[in-house]
Amino acid sequence: LTAHLATQPTFALGQTKLLLNGSSTTDLARQLDRELDYQRACGATPKPTPMFPDTLSGFASNLWSLTLVVLFFGGSIFVHELGHYLAARWRGVKVERFSIGFGPAIVSWLGRDGVEYRISWIPLGGYVLLPQLADLGPVEGKSTLDVESLPPIAYLSKMIVFVAGALFNVLFAFGLACVVWVAGQPTIAEWNTTQIGHLSPTIRLPDGSTAPNPAIEAGLLPGDVVRSIDGAEVKNFEDIITTIFLGRERAGDGRRKAVFVVEREGRRLELTVYPRLVGEENVRSAGIEPSEDLTVEAVGPGTPAETAGVKPGDRIVAVDGTPMFQRLALSEHLAKNSQRPVDFLLRRADADLHLPIQPRLETDERTGSKVARVGIRYRDSIIIIHPSPFLQIWDNVTGTFRTLGALLSPNSDIGPSKLSGPIGIARELHRQAQWDFRRLLWFTILINVNLAIFNLLPIPVLDGGQMVFASVARLRGRALPANFI
């Protein structure tokens, strides 16, 4: 993220491809794409996906999404700078310029308060020029004032001005979190469980080769409920993925390690998994996927499921005696047994019943290949949750610090390459805006918490670094050399 902080522009560490609070937007998009595949493979015709009727409507939708990105990304910057600006005015610090963006001004004007306000061409940050606090002329532009003639600033005033930007980001995030609390946050239903739904026999490594699934090697089973990993309690599958992704544990032989505590048939088991690096980003993975709701929402007319007597509201418990927890596992089972009737164990109300269903081979509309179908459609996998504002802020704070810990640990696989800058953040904001406005709010909350924390780190140029400089100057009884700062 580009943090555009009061006395200096700051380039804080950004959002990883896996969001700092644990939700992977890449995995989320993949889950949405798979939903259509599952419906095709396991059931009848999927639910219609809303499509824009023409190119003009699609363009208008994208334009609206981009407008929202500018408003919320730029708004986060503005809120941060506003905190510095108001604190400086309150404490009597001279404000020479308030700029949204870097570089040459698009438009500027001199306010009655003597401050130059401007909007600049490079929309990747912003700054408040405070000549009494710091000199960052190469980025902000040289001050036109005689700094020596300005009165010195008290230490307390410096601290208040430096911390005000982060404080305003947190307040802004809390306000948005209240909106999300009331309006709800759309999410994938499967991410709100800690139950393992499917274990593929192998996982694909970054070089294209395959390796045995580490979860299977460790003894994990579909249906296991994960309670903790490496001693940290997990509340949902996002927590599970994040904890593995940010893992820092190593075995004695150097292998990556994650200790799972799972619940299986009323017993708690401790199993050690040795994650592998997967994907283009070389991130840790244990090879597990979440369980899904296998409740039937609709039955296609004239399909094998209708003929067998399947009804909406039935929940698939097992097929051919094998417990089922995920749609992909069910589709794979149908594909392997398409030539014979498959015994479905269904739960209807409080009763269980067995129904033999003969899969029917049909041509997939997208791939043109033959797939085994029974003609059912599942419940929508998108649900609305209402997390409290305090929980939203807390989850983002803890997620950010966990990411920081992984970045600093020599045993983790998280490095600067896993972080993305302003363009990547803007792209993700655009994607969230296209999905749902409330997801855009959720992501903006993350950005603001991220800005607040990273810019208070004791790193030169960041607000936290300036606070360190001011504190050192106070302890030594005189200002640090300007060239050093």
Side-chain angles (χ1 to χ4, degrees), residues 29-51 188-190 193 195-204 210 213 216 221-223 287-383:
R30 185 182 301 118
Q31 186 76 7
L32 287 169
D33 291 339
R34 287 197 324 184
E35 174 69 14
L36 184 60
D37 294 335
Y38 292 166
Q39 298 286 11
R40 284 186 172 127
C42 303
T45 304
K47 276 187 175 180
T49 302
M51 299 293 290
I188 302 294
E190 291 72 48
T193 182
Q195 185 178 51
I196 297 173
H198 183 62
L199 300 171
S200 297
T202 60
I203 59 174
R204 186 170 296 278
T210 60
N213 190 318
I216 294 178
L221 297 174
I288 61 176
E289 297 180 34
S291 63
E292 296 175 303
D293 184 3
L294 297 182
T295 301
V296 177
E297 182 180 72
V299 180
T303 61
E306 184 188 51
T307 303
V310 178
K311 298 182 180 299
D314 291 348
R315 183 168 66 85
I316 301 170
V317 177
V319 291
D320 290 333
T322 301
M324 284 290 141
F325 301 97
Q326 199 189 58
R327 301 168 192 181
L328 178 60
L330 178 55
S331 66
E332 291 177 348
H333 187 89
L334 293 178
K336 294 175 182 177
N337 300 276
S338 61
Q339 303 303 317
R340 65 171 180 83
V342 174
D343 179 53
F344 277 69
L345 173 60
L346 305 177
R347 183 154 297 152
R348 180 177 298 169
D350 295 327
D352 291 346
L353 66 155
H354 290 266
L355 294 178
I357 304 177
Q358 172 64 57
R360 185 165 63 195
L361 289 176
E362 298 179 357
T363 302
D364 185 88
E365 296 86 349
R366 186 175 61 174
T367 64
S369 59
K370 293 290 186 180
V371 294
R373 293 175 175 169
V374 295
I376 60 176
R377 189 174 71 211
Y378 300 109
R379 282 181 179 171
D380 195 344
S381 64
I382 305 298
I383 62 173

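Note: hydrogens, waters and symmetry copies are ignored here, and every other heavy atom, side chains too, is used.
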query = When you measure from the side chain of T322 to the backbone N and O of A318, does any donor-acceptor pair fall under 3.5 Å?
reply = no
message = I'd like to know if the side chain of D314 and the backbone of V296 have a donor-acceptor N/O pair within less than 3.5 Å.
response = no
note = For I203 and G287, the nearest pair of non-hydrogen atoms, with its separation, is CG2-CA, 4.0 Å
ask   = Excluding sequence neighbours, so at least two apart, what forms side chain to side chain donor-acceptor pair (under 3.5 Å) with T295?
value = D293
request  = Could you pull out all residues at least two apart from R315 that satisfy side chain to side chain donor-acceptor pair (under 3.5 Å)?
outcome  = none
query = If every non-hydrogen atom of V299 is compared with every non-hydrogen atom of E306, which pair is closest and at what distance?
reply = CG1-N, 3.4 Å
key: Reference residue E297; test salt bridge (charged side-chain N to carboxylate O under 4.0 Å, His left out); the match among R377, K311, R379   = R377
query = Between the main-chain N or O of V371 and the side-chain N or O of E362, is there a donor-acceptor pair closer than 3.5 Å?
reply = no
ask   = Who passes side chain to side chain donor-acceptor pair (under 3.5 Å) against R204, sequence neighbours left out?
value = none
key: Least distance between heavy atoms, P304 atom then Q358 atom   = CB-O, 3.2 Å
query = With distance as the sole test, does S331 use its side chain to make a donor-acceptor pair with the main-chain N or O of L328 at under 3.5 Å?
reply = yes
request  = Please answer whether the main-chain N or O of S200 pairs with a side-chain N or O of N213 as donor and acceptor at a distance below 3.5 Å.
outcome  = yes
key: Under 3.5 Å donor-acceptor, Q326 side chain and E292 backbone   = no
key: Salt bridge flag under 4.0 Å for residues K336 and D320   = no
